[in-house]
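Below, each value reflects all heavy atoms present in this structure, side chains not excepted, and no hydrogens, waters or symmetry copies. The residues of the chain are indexed from 1 along the displayed sequence.
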Amino acid sequence: MFLAQVKSVKAIEKYKLNVQFIDGTAGIYDAGHLAGKGVFKAWDTGNNFDNVFISPDSGAISWPGDLDIDTLKVYTAIKGISTDEYLNMQHHATYL
């Protein structure tokens, strides 16, 4: 099963990330729907959103303070498919 692994991530403007995955999938992810909610309020402290990085432990798209977002949701949003479609494709691929 292919896990959506991030190759690079960079904040390009307020709440938008340029993300590249190891399978060549790349695009812009708008995380604005999370901004100002719960733990994501931390993005508005200074330039914290710009401090995005790939966690060396989990491979997740992360920020200081143990803050991260669901890499699979980012991947499927960039691909333009639902998480269920992705999981279904992965399930069928393991049986080919």
Side-chain angles (χ1 to χ4, degrees):
M1 175 189 245
F2 167 77
L3 298 176
Q5 294 179 335
V6 181
K7 180 178 178 182
S8 68
V9 62
K10 180 179 179 172
I12 56 172
E13 59 184 81
K14 198 68 166 175
Y15 311 126
K16 291 189 180 178
L17 301 169
N18 185 344
V19 186
Q20 294 183 336
F21 292 88
I22 62 169
D23 72 341
T25 298
I28 306 302
Y29 180 74
D30 186 347
H33 64 286
L34 299 171
K37 297 178 181 173
V39 296
F40 297 106
K41 289 178 184 177
W43 286 345
D44 294 323
T45 303
N47 291 328
N48 199 30
F49 186 79
D50 295 338
N51 295 325
V52 65
F53 63 95
I54 302 167
S55 169
D57 297 325
S58 67
I61 298 169
S62 303
W63 289 264
D66 293 326
L67 181 63
D68 61 29
I69 58 177
D70 185 335
T71 304
L72 182 56
K73 287 186 179 182
V74 174
Y75 181 85
T76 56
I78 290 172
K79 291 285 272 185
I81 61 174
S82 72
T83 303
D84 287 341
E85 287 173 304
Y86 171 83
L87 294 173
N88 191 38
M89 288 185 319
Q90 294 304 306
H91 176 74
H92 288 311
T94 60
Y95 294 104
L96 295 178

**Request:** State yes or no: do Val19 and Phe53 share one hydrophobic cluster built from I, L, V, M, F, W and Y residues joined by side-chain heavy-atom distances below 4.5 Å, directly or via other members?
**Result:** no
**Message:** Restricting to side chain to side chain donor-acceptor pair (under 3.5 Å), what partner residues turn up for Gln20, sequence neighbours left out?
**Reply:** Ser8
**Request:** Kindly compute the distance separating NZ (Lys79) from CG (Asp23), expressed to the nearest 0.5 Å.
**Result:** 5.5 Å
**Request:** Can you sort out the partners of Glu85 under side chain to side chain contact (heavy atoms under 4.5 Å, CB included), two or more places apart, ordered by chain and number?
**Result:** Ile81, Ser82
**Prompt:** Is there a donor-acceptor contact under 3.5 Å from the side chain of Ser62 to the main chain of Ala60?
**Reply:** yes
**CD on Gln5 to CZ on Phe21, rounded to 0.5 Å** = 10.0 Å
**Complete:** Output for pair (Lys7 NZ, Ile22 CD1), nearest 0.5 Å, gives 9.5 Å
**Request:** Measure the spacing between OG1 of Thr76 and CD1 of Ile78 and express it to the nearest 0.5 Å.
**Result:** 9.0 Å
**Request:** Taking side chain to side chain donor-acceptor pair (under 3.5 Å) as the test, write out the residues that go with Asn18, two or more places apart.
**Result:** none
**Residues in side chain to side chain donor-acceptor pair (under 3.5 Å) contact with Ser55, at least two apart in sequence or another chain** = Ser58
Throw together a table of side-chain donor-acceptor distances under 3.5 angstrom for residues 41-50, partners on residues two or more places apart or in other chains.
| from | atom 1 | to | atom 2 | distance (Å) |
| --- | --- | --- | --- | --- |
| Asp44 | OD1 | Tyr15 | OH | 2.3 |
| Asp44 | OD2 | Tyr15 | OH | 3.4 |
| Asn48 | ND2 | Ala42 | O | 3.2 |

**Prompt:** Other than Ile28, what residues sit in its cluster of Ile, Leu, Val, Met, Phe, Trp and Tyr side chains whose heavy atoms are under 4.5 Å apart, directly or through others?
**Reply:** Ile12
**Request:** Please assess Trp63 against Ile69 for the test side chain to side chain contact (heavy atoms under 4.5 Å, CB included), listing each intermediate value before the final yes or no.
**Result:** CA-CA 9 Å; Trp63 289 264; Ile69 58 177; 3.8 Å; yes
**Residue pair Val9 / Val74, side-chain heavy-atom distance below 4.5 Å** = no
**Message:** Test: salt bridge (charged side-chain N to carboxylate O under 4.0 Å, His left out). Region: residues 58-69. Which pairs qualify, not counting sequence neighbours?
**Reply:** none
